Structure formats: structure tokens, C-alpha cells
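Every value quoted in this text rests on a predicted model; they were computed, and no experiment measured them. Order of the sequence lines sets the chain letters (A, B, ...), proteins ahead of strands, with each chain counted from 1. Note that these values count all heavy atoms, side chains included, but never hydrogens, waters or copies made by symmetry.
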Protein chains: 2
Amino acid sequence: MARWEPNAVGRLTEAAMALFTERGYSQTTVGDIATRAGLTERTFFNHFSDKREVLFAGSELFTQLIVDAVRAAPRSAKPLDAVLAAYEATDAFFEGRRPFARQRYALISAHPELQERELVKMLSVAAAVAEVLEQRGVSKAAASLASELGSAILRVGFDQWCKDKKDRSLVFHLRAARRQLEAVVGRPQARSRARTTA
Amino acid sequence: MARWEPNAVGRLTEAAMALFTERGYSQTTVGDIATRAGLTERTFFNHFSDKREVLFAGSELFTQLIVDAVRAAPRSAKPLDAVLAAYEATDAFFEGRRPFARQRYALISAHPELQERELVKMLSVAAAVAEVLEQRGVSKAAASLASELGSAILRVGFDQWCKDKKDRSLVFHLRAARRQLEAVVGRPQARSRARTTA
DNA sequence: ATGGTGATTGCACAAACTGTCATCAGGAGG
DNA sequence: CCTCCTGATGACAGTTTGTGCAATCACCAT
């Protein structure tokens, strides 16, 4: 028999997501969240360094997942391909949590404070990825570039994945985004539709 | 004869940069900054929505500068080239403020709270750029991708620019970063000697 | 002089954190 | 069975951030 109700972090996270969804982020106090989880404000701050972090618990695990996947990529892979392969490896992870991921994404998109935190988290993943790439012999600048480009592709792909009414996989959307890249950076494109004058 | 000392925003910014540099961000209270600028805490919050914003005054102007430059890019330019040309257009802007920009960059790099803010600002620029690209007929996904890729290149280039002991121009570093891109993404049918300069 | 304007300020207050110390059930070891 | 240790929890006081509201005060147009 546990001395306290188990999984305090999980309960706090759940309470926070519910309250943020119901009344919005700034209309919810840390006290509200704690109470709903059957805990106190002080205990909330024992588990999370600040109010935003409640939606980012376990992000280190995610980082580790990615980093390991990059390490596992064949040494022959070009930097960007290694990074994208790593992101594709998260497909199963997300597939099992689609409703959760969607709600969380909606919350974060709706609240600038949360978006800020999301961005640093992504940058921190990118930084970790870049470091692994460097260990694989990629120059510092190229490593940054590859990891950030990967981030951008993930962002675009993930956005599509969240909105996709057909529930296609993350891998599908990542590859679609990757293909877009060629339209952006690649050889001259003959697309001149939409002549919005001035 | 002005009724108050002029340029409150400038004085607050200067005071904040000095104090953040001296004692660090979190060791500096808003009251400290205001006092040093000869004002009160309340007045600080009349000018800035929060403590972090003091280092980001005028960022809308910067956004506008970029957006206008993208609009001015030739319609034949590929998305990424249009974006990069726009960032290159900020060269003069930064060249005149190198010491300031370096100190500010060091501060932001050293303080996660400030980095968060920096990232949303960059994302907001990227979003504005993406919108312009869409108006130019680029698909939504490609526009996001091009603008974010541009951001990544700017980040890498700017970082090099700040560290460059030889004080080479931002344009120089942007182009160097751009060239790195090819090492990263690889070129399926590369070898085309096509000129990529805008 | 009269009243409007707009930057500034004082005051009160909610909410976000922080540091410190007390509590209290269970497990380890005697 | 008893005791000590541990670690999550909570009470409490204090600082800092940020907001709303009203008052001030010199300049300025009429």
C-alpha cells in the first residue's frame, strides 16, 4: 500500500491539461491544478520547476529516444537523413497517443507562454542531435544546420499529422515535408501560379 | 524642454543590459533596472509587457524590415533564396551595432528565460516571412519550410558572425552557412554549376 | 486661465515562485 | 516489536512579477 496516492506527476499533468483546456492557461492557477490533483501548490513546485513545465514532463526521455536513434543510423547516412530517420523512429511513440498529442498541441499553439517552452525544448533536442552528429564527424555548422532543418521538417510534418483527418502516420507526413524541401531549396521550379499583383 | 528625461525605453534597455551583464538576469529585479534608469518599477511595466521584453524592444521593426525585403525579392527567386536575400538585407543594420549585438547575444545565450523569448521572436519573424511567401504563390508547407530553414541559416550565420574574430560581414557568414546546406541535405542531381546568388 | 494630453507614479493586490522546517507512513535493521 | 532513516508532502512566510486604477503634473492648444 502506497503511503500516498501514486503517480503525483501524472495526476498533476492530467489536471493541468483539463483545466487549461476548460478555462485557458492564464485563467488557471497552480493552486487550482494542485487542488484538482489532490495536492498542494507547494507540492506542484516540488515536481515541476515552473507552471509551464507541467506539460513537458518526460521531455528528456523523448530527447534520449531521438539521440539514440541518431546514433543508430548507419554511418553512411547523410546528416539530414540520419536526423530524419531518428524522427521517423518516434512514429510508434506518437501513434499510440494521437488524441493526447493533439490536445496538447492545441493547448500549446493557443498559449504563447507554452509555445516559448515548446521551442526551447525543440532547440534542446536539436542541440543534442547536433552534438551526436559532430561526434560522427560532421562539422559544427553543418551539424547545427542539419539538426535544425530536421526540427523544421518535424514541425511541419507534426503539424500536418495533428490536423490530418485521415489519420495517416507521422512517417507519411515527415516524408511529405521532406519532399517539399526540394521545392524550396532544389532546382528551379516552374510554379508561377497565383499571380497576386503587388 | 521636455518634462521628463527623454528616451525612457532606451534608458531602461541600457540599464537592463548593464545589470544583467554585471549580476545576471535573475539576480536583477525590475525595480533595480527602473531605479538605475531613474524611473519606477511601475513605469517599466508601462513600457514593457514583462521583464524579458526589455531586450526585445523594436523587434517589430526588425520583422518589418525582413518582410519588406522578402516582398522586394524578384518573383523568379526560389523561396529560400528570397528569404536569404531578405536576411542579407539586414547586414547594414547589424554592422553598425556589432558590439551591442554581441553583448546582447551573449546575454541571451547565457539565460534560458531570454532564449525562450528570442526563439518566439524568431518564429514570429519566420511566420511573417512564410505568409509573404504564400502570397507569392508558395504552398503553405513549403513556405513554412523555407522560412524556418532561413531562420536556421540565420541562426548559424549570426552565431558565426558574433564569434568571428576577423569581423567579416553577416552576408559572408550567411553565404557560408548556405553552402553548408549542401553538405547536409545532399544533392541528388547536383553538380549543376547554376548560380545561386540572388 | 482653462482644460486636455500623456508619461509618470503610488497603492493595493493576485499569482508565481523560493527557502525552511515539520510531518508522517513505510522499509531496513536490530 | 522498536527505532532510525528516508522521501514525498505540506504549512508558512517572504520575494518578485505583473495588473488595475486613480492621481499627479508640466506642457500645449484654445
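- Rounded to a whole Å, the CG atom of B/Leu19 is 16 Å from the C1' atom of D/dT16.
- Distance B/Glu5 CD to C/dT9 P: 11 Å, rounded to the nearest Å.
- If you check D/dG7, C/dG6, D/dT17 against the side chain of B/Trp4, the one that comes closest is C/dG6.
- In this structure, A/Phe44 places its CZ atom 16 Å from C1' of D/dA8, rounding to the nearest Å.
- The side chain of B/Glu41 sits closest to D/dG18 out of D/dG18, C/dC17, D/dG10.
- Not one side-chain nitrogen or oxygen of B/Thr29 sits closer than 4.0 Å to the OP1 or OP2 atom of D/dT16.
- Here the C1' atom of nucleotide C/dG6 and the CG atom of B/Asn7 are 17 Å apart, to the nearest Å.
- Here the P atom of nucleotide C/dA15 and the CZ atom of B/Phe45 are 17 Å apart, to the nearest Å.
- A cation-pi contact, defined as under 6.0 Å to the ring centre and within 45° of the axis, links A/Arg97 to A/Phe93.
- Whole-Å rounding puts the B/Gln27 CD to C/dT18 P distance at 12 Å.
- At whole-Å resolution of the value, CD in A/Glu53 and P in C/dA16 are 15 Å apart.
- A cation-pi arrangement is present between A/Arg104 and A/Phe56, with the terminal nitrogen or guanidinium carbon under 6.0 Å from the aromatic centre and inside a 45° cone about the axis.
- When each of B/Asp50 and B/Asn46 is assigned the nucleotide of DNA chain D bearing its nearest heavy atom, the one mapping closer to the 5' terminus is B/Asp50.
- Nucleic acid contact for B/Thr28: sugar-phosphate only, since backbone atoms but no base atoms lie under 4.0 Å from a heavy atom of the residue.
- Side-chain atoms of A/Arg42 lie closest to C/dT18 of the nucleotides C/dT9, C/dC17, C/dT18.
- Partner B/Leu174 forms a side chain to side chain contact (heavy atoms under 4.5 Å, CB included) with one of B/Leu154, B/Asp91, B/Val156, B/Thr90 and no other, that one being B/Leu154.
- One can place CD of B/Glu113 at 17 Å from P of C/dA16, the figure rounded to the nearest angstrom.
- Annotation: cation-pi pair A/Arg52/A/Tyr25 absent, no NZ/CZ under 6.0 Å from the ring centroid and within 45° of its normal.
- If you check D/dG10, D/dT17, C/dG10 against the side chain of A/Thr40, the one that comes closest is D/dG10.
- Phosphate contact (OP1/OP2 of D/dT9, side-chain N/O of A/His47, threshold under 4.0 Å): present.
- No salt bridge links A/Asp164 with A/Arg102; every basic N to acidic carboxylate O contact stays at or beyond 4.0 Å.
- Among C/dT9, D/dT17, D/dT9, the nucleotide with an atom closest to any side-chain atom of A/Ala8 is D/dT9.
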